[in-house]
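This report concerns only the one structure given below.
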Amino acid sequence: MLAYDSMGLIVQMVRKSEQMLKYIPQEIESKWQQRWAQDRLYEVNENDTRPKWYELTMFPYTSGDLHIGHWYAMAPSDVHARFKRMKGYNVLHPMGFDAFGLPAENAAISRGIHPFTWTMDNVERMRSQLKSIGAIYDWRREVITCLPDYYKWTQWFFLKLYEAGLAYRGKAPVNWCPKCQTVLANEQVMGEGLCERCDSAVIRKELEQWFFRITAYAEELLDFSHIQWPERIKTMQKNWIGKSQGVEIAFGLEDGLAEGAGSSQQEFRVFTTRPDTIYGVTFAVFAPEHPLVEQFTTAEHKDEVMHYVDRARHQSDIERTAMGRDKSGVFTGSYAINKLNGERIPIWIADYVLMSYGTGAVMAVPAHDERDFEFAKRFNIPIKVVIAPPDWSGKELSEAYVEPGLMVNSGQFDGLPSEQGMEAIADFITEKGYGGRQTTYRLRDWLISRQRYWGAPIPVVYCDRCGLVPVPAEELPVLLPEDAEFRPTGESPLKYCETFVNTTCPKCKNAARRETDTMDTFLCSSWYFLRYSSADYKDAPFDGTKLKYWLPVDQYTGGAEHATMHLLYARFFIKALRDLGIVDFDEPFTRLFNQGIIVTEGKKMSKSRGRVINPDEYVAELGADAVRAYLMFVGPWDQGGEWDDRGLNGIARWLNRIWFLVLRAYTEDEPKETEIKNLRHTTHKTIKRVSEDLEKFRFNTMIAALMELTNYLGKVHEEGSVTSSDFGEAIDTLLLLLAPTAPHFTEELWTRSGHPYSIHNQPFPEWDEGLVAEEEFTLVIQVNGKLRDRVTVPVTITEEEARELALSRERIKTYLKNGECSRIIYVPRRLVNIIIA
RNA sequence: GCCGAGGUGGCGGAACCGGUAGACGCGAGGGACUUAAAAUCCCUUGGGUGUUUAGCCCGUGCGGGUUCGAGUCCCGCCCUCGGCACCA
């Protein structure tokens, strides 16, 4: 036995030598990354006996540097993919770049760099940053959407959809900046309806553009029964598609008022979800841009109406529909006839009616619609109650009554509850031939035209003789000209690029002009996940055999901000391809998980506010593994989290403790059976927790479980209370459980502790339910629902024993003195609650 | 306004199906080691009270309710974040 003093000295010396053993990530991370790449450890192929698992992360836009938000998306999904890999799946987890789009063009305009150069420089930088994550990306499959090898097929898909009648040209009002000569996305229109680039007033302009007929799939897109997606996202898509059922009904136009062009129309149609209120119609309203407006406006109102229409056209959608705005409108001088009661009602135009929804005209029922009520009040139009509110005395309403009720003032339908009235009137209208039941969607067709350079050119030619001619597939790709000029005006460079515009007609070989619009980048991202299956395939967008093997995507992860755009477009695209016989599945992404956003100082990171965390310096200092683990620890992945360097230090300390634990010699000191049993129990419980957490993306609690195991093993190490082999087994388990999270760190420790390379080819540990099972539990004893005592008891305890034990406890007895025990509640494996009156 | 998510210590967050609130980590305080600092290790850490290793009271945004028992369920509010915006 050593004396205490010298014992202390030895401990000191050991501690000192440990410091020399310190975990230095810089020495191991690049080493293993190189080794894995050299050994093609993560390259995957189709000839594999394991079941396939396609785990996809939304590819990043090539905006510049990768920031911590990218890591927050990439690292946890890689952990999940690695977990699946260790669980015995043949895992495809690819990476690529969404490379077309506005920012590249803006950089070109403001800094004189060609968009291609700007984008590819960003790709280079982002790729090397991505490599530092230590993910299992199979880089042979990289996809970059702005390369001709890729966009050739984007164009090919366009042609396919065109042939199928799913792509068409049409006019659509858009946000148009007269100065920039470009269409603006809603988000590019600033508050007052000004262009974000040049501050000019944005107007609404009718432009001839290309559309995809996504509305043809509206009904099928509402069916989520074959995919496992978050409720949140499904609800958002449902609301976005906005199905509503009602009736379309014709109103007559009063004769003799129309003056305009020859064949004047005798009626018009409106859509309503409330046919039960049709007797309460006191006016009709048309959208200002409705084509009939000109026809039925009377001479004396012409000036006023034209003025209003013109004003509406100069307002953006945003401005026009801004909340809290007073209703505006003008009377046209014409009247319509309500066919059900023969009443004559004035026709107005107002900008609260949208041309893009329903028929562009509404029957207004001020008594039972808030907007119509407001409008009627403003212009002194009668308000006629046809659905009686409860306890209605026949008085005027102070606000619209929109709830169901009994029908009044409705002719033969009086007395019917409004729900029945809807059906009765719908039937009546159908019988009389006035109209019929109709389903309407809020969803509009997908506008894919962009008046910009940096996108895939729409492969179409306009010929004076042959008209619109699609470019034959063999002539693809229609290449973007390299020599386009970027003028600060923001005008579409293609329009002014003679060498691009001037071409020959594929049909008649005479001079013709190319379409100068390019395609929305959401098109590129609607099929990139197909390309990963065979990224270098030359004869088609993908190799059919490989596609069949990998697709659909088993697990997709990405931000919830894509709920109604990318995720909906991709679903549509796949359904369209399926109907064209190009793919044989219905949905692109079987499972979906949305991660939250990582914030600093409680706010979203934004480049403009200088609040962006760059991961590089943290990776350089503490290692990618620490950053990976930290990002998963900050909070539930779907809720995002707060970036705090101090928390990152905590993770680094934890990894250090594991480092010592594994490499420091273990000495047995009288191993005890109970301790060995306890060790196995704890280890297996952790395997279970970690496996279940990983499966469900609950990364934060998974890390906590591993920390607990580490702390426990630390104690065991100090006490030497189990055999060396038992301890070694537990350490191996810890490393295996940690391997998906900290791939470099665990590979180093795995090989250092004498195991053959590579830990990542090891199966994930399995737990033994028998070892997980508890032998004891803490029985809680409550009196009147308040915790008063607890005892550790065997799980085999019977109710009778538990009751007796509870009542026999000294502490409980003191409570029993104060009153009669009226009842005892026993919850197995939990508690005894004694009720004292 | 509507839809969705959320509100728990000084902070990030745990808590299965209604059953021990605060796991795990950060931060803070104290101690050990050190000439010193860093690093590391140990102890304490929701608030109050107390005879200070017992015990008791309060406590999960606010107000009610259901229940033997509520962070969890119900009703009514308040606040934060994300999305959508006159959809007939």
Side-chain angles (χ1 to χ4, degrees), chain A residues 8 11-12 15-16 18-19 22 186 230-233 235-236 238-240 242 244 246 270-274 277 285 317-318 320-325 327 350-354 356-365 369-372 374-375 440-443 559-561 563-564 596-597 599 602-604 630 633-636 638-651 653-654 656-657 660 692 700-708 710-711 714 718 777-790 811 814 822-825 827 829-836:
Chain A
V11 167
Q12 273 316 302
R15 294 256 156 89
K16 280 236 167 94
E18 272 166 6
Q19 281 176 41
K22 208 176 171 214
N186 283 351
E231 281 309 316
R232 193 161 60 123
I233 303 296
T235 308
M236 279 170 147
K238 259 180 217 156
N239 294 344
W240 187 263
S244 50
V270 300
F271 173 75
T272 179
T273 53
R274 292 294 304 274
T277 64
V285 190
D317 254 347
I318 312 288
R320 202 169 129 174
T321 58
M323 206 193 83
R325 196 167 151 265
K327 289 272 175 293
D351 60 10
Y352 79 92
V353 173
L354 306 175
S356 56
Y357 185 77
T359 63
V362 300
M363 55 176 230
V365 187
D369 181 280
E370 283 161 23
R371 295 150 303 176
D372 298 345
E374 219 183 297
F375 194 86
T440 302
Y441 302 90
R442 179 185 173 277
L443 184 70
E561 69 272 19
T564 50
I597 46 174
V599 297
K603 295 212 169 68
K604 198 174 168 176
Y630 175 63
F633 188 57
V634 288
D638 56 344
Q639 281 168 40
E642 168 91 27
W643 176 267
D644 179 358
D645 331 30
R646 290 173 302 191
L648 178 61
N649 287 331
I651 291 286
R653 281 203 282 263
W654 170 51
N656 248 312
R657 287 209 306 279
F660 291 138
E692 289 175 353
N700 56 331
T701 49
M702 174 207 59
I703 301 284
L706 289 175
M707 284 175 170
E708 281 177 56
T710 308
N711 294 343
E718 212 163 293
F777 73 97
T778 306
L779 180 74
V780 166
I781 304 168
Q782 296 180 335
V783 176
N784 290 341
K786 292 203 181 236
L787 176 94
R788 294 300 178 201
D789 199 3
R790 38 188 144 196
R811 261 188 218 155
T814 62
S822 61
R823 196 177 155 197
I824 296 177
I825 287 148
V827 183
R829 293 293 302 268
R830 292 213 191 274
L831 55 79
V832 173
N833 187 7
I834 299 162
I835 314 302
I836 296 173

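Chain letters run A, B, ... following the sequence lines, proteins first and then strands; every chain starts at 1.
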Are any of the side-chain heavy atoms of [X] and [Y] separated by less than 4.5 Å?
| X | Y | answer |
| --- | --- | --- |
| A/Trp643 | A/Leu648 | yes |
| A/Thr272 | A/Val365 | no |
| A/Ile835 | A/Asn784 | yes |
| A/Thr277 | A/Met363 | yes |
| A/Tyr630 | A/Asp644 | yes |

A/Asp372 and A/Tyr352: side chain donor to acceptor below 3.5 Å =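 Judged by distance alone, the side chains do pair up.
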
Between the side chains of A/Asn711 and A/Arg657, is a donor N or O closer than 3.5 angstrom to an acceptor N or O?
->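 There is such a pair (donor and acceptor under 3.5 Å, judged by atom type) between the side chains of A/Asn711 and A/Arg657.
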
Taking atom [atom2] of [N] as reference, at what distance in whole Å does atom [atom1] of [X] sit?
| X | N | atom1 | atom2 | value |
| --- | --- | --- | --- | --- |
| A/Arg371 | B/C86 | CZ | P | 9 Å |
| A/Arg646 | B/C24 | CZ | P | 20 Å |
| A/Asp645 | B/G27 | CG | P | 11 Å |
| A/Phe777 | B/C16 | CZ | C1' | 16 Å |
| A/Glu370 | B/C86 | CD | P | 14 Å |
| A/Asp372 | B/A88 | CG | C1' | 7 Å |
| A/Ile781 | B/G69 | CD1 | P | 19 Å |
| A/Gln639 | B/G4 | CD | C1' | 13 Å |

Distance test, side-chain N/O of [X] to OP1/OP2 of [N], below 4.0 Å:
| X | N | answer |
| --- | --- | --- |
| A/Arg653 | B/G27 | yes |
| A/Asn711 | B/C24 | no |
| A/Arg788 | B/C57 | yes |
| A/Thr359 | B/A88 | no |
| A/Lys786 | B/C58 | yes |

Pick one for B/C62: is it syn, with its angle within 90° of 0, or anti?
->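 Base orientation: anti.
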
Which way is the base of B/G9 turned, syn or anti, if we draw the line at 90° from 0?
->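 Nucleotide B/G9 adopts syn.
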
Over all strands shown, is [X] touching base, sugar-phosphate only, or nothing at heavy-atom distances under 4.0 angstrom?
| X | value |
| --- | --- |
| A/Asn239 | sugar-phosphate |
| A/Thr272 | sugar-phosphate |
| A/Ser356 | nothing |
| A/Val634 | sugar-phosphate |
| A/Gly641 | nothing |

How does RNA chain B look in dot-bracket form if you count Watson-Crick and G-U pairs under 3.5 Å, write [ ] for pairs that cross, and put | where a base pairs with another strand?
-> (((((((..(((......[....)))((((((.......))))))((((.....))))..(((((..]....))))))))))))....

[N] to [M] separation - [atom1] atoms, rounded to the nearest Å:
| N | M | atom1 | value |
| --- | --- | --- | --- |
| B/A85 | B/C79 | P | 24 Å |
| B/G48 | B/U80 | P | 30 Å |
| B/G9 | B/A5 | C1' | 23 Å |
| B/G71 | B/A23 | C1' | 15 Å |
| B/U60 | B/U72 | C1' | 10 Å |
| B/G30 | B/A21 | C1' | 27 Å |
| B/G18 | B/G69 | C1' | 8 Å |
| B/U45 | B/C24 | C1' | 15 Å |

For the side chain of [X], counting heavy atoms from C-beta on, which of [options] is nearest?
| X | options | result |
| --- | --- | --- |
| A/Arg442 | B/C3, B/C87, B/C24 | B/C87 |
| A/Arg823 | B/C68, B/A23, B/C86 | B/C68 |
| A/Phe633 | B/C86, B/G25, B/C84 | B/G25 |
| A/Thr701 | B/A14, B/G55, B/G19 | B/A14 |
| A/Tyr357 | B/C16, B/G4, B/A88 | B/A88 |
| A/Ala704 | B/G55, B/C68, B/A23 | B/A23 |
| A/Arg830 | B/A88, B/C16, B/C24 | B/C16 |
| A/Pro636 | B/C3, B/G13, B/G69 | B/G13 |
| A/Leu787 | B/A23, B/C86, B/A21 | B/A21 |
| A/Val827 | B/A88, B/G4, B/G19 | B/G19 |

Heavy-atom donor-acceptor pair, A/Gln782 side-chain to B/G19 base, under 3.5 Å =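 Such a pair is found, so the answer is yes.
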
Is a donor-acceptor pair below 3.5 Å formed from side chain A/Arg232 to base B/C3, judging by atom type as modelled?
->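 Counting by modelled atom types and ignoring angles, no donor-acceptor contact under 3.5 Å is found here.
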
Residue mapping more 5' on RNA chain B - nearest nucleotide basis, A/Gly785 or A/Gly640 |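 Going by which nucleotide is closer to the 5' end, it is A/Gly640.
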
Upstream residue (5' side of RNA chain B) when A/Ile835 and A/Asp644 are each assigned their closest nucleotide |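 Counting from the 5' end, the first nearest nucleotide belongs to A/Asp644.
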
Could you tell me whether A/Glu692 atom CD has more than 12 heavy atoms of other residues or ligands within 6.0 Å of it?
->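 For A/Glu692, atom CD is crowded (more than 12 foreign heavy atoms under 6.0 Å).
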
Value rounded to 0.5 Å, distance of CG in A/Leu779 from CG in A/Leu831 |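 Here the rounded value is 7.5 Å.
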
Which pair of heavy atoms, one from A/Thr710 and one from A/Leu706, lies closest together, and at what distance?
->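 Heavy atoms only, the tightest pair is OG1-O, 2.7 Å.
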
So, for A/Gly358 and A/Phe271, which heavy atoms are closest and what is the spacing to 0.1 Å?
->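 Scanning both residues completely, I find the closest heavy atoms to be CA-CB, 4.5 Å.
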
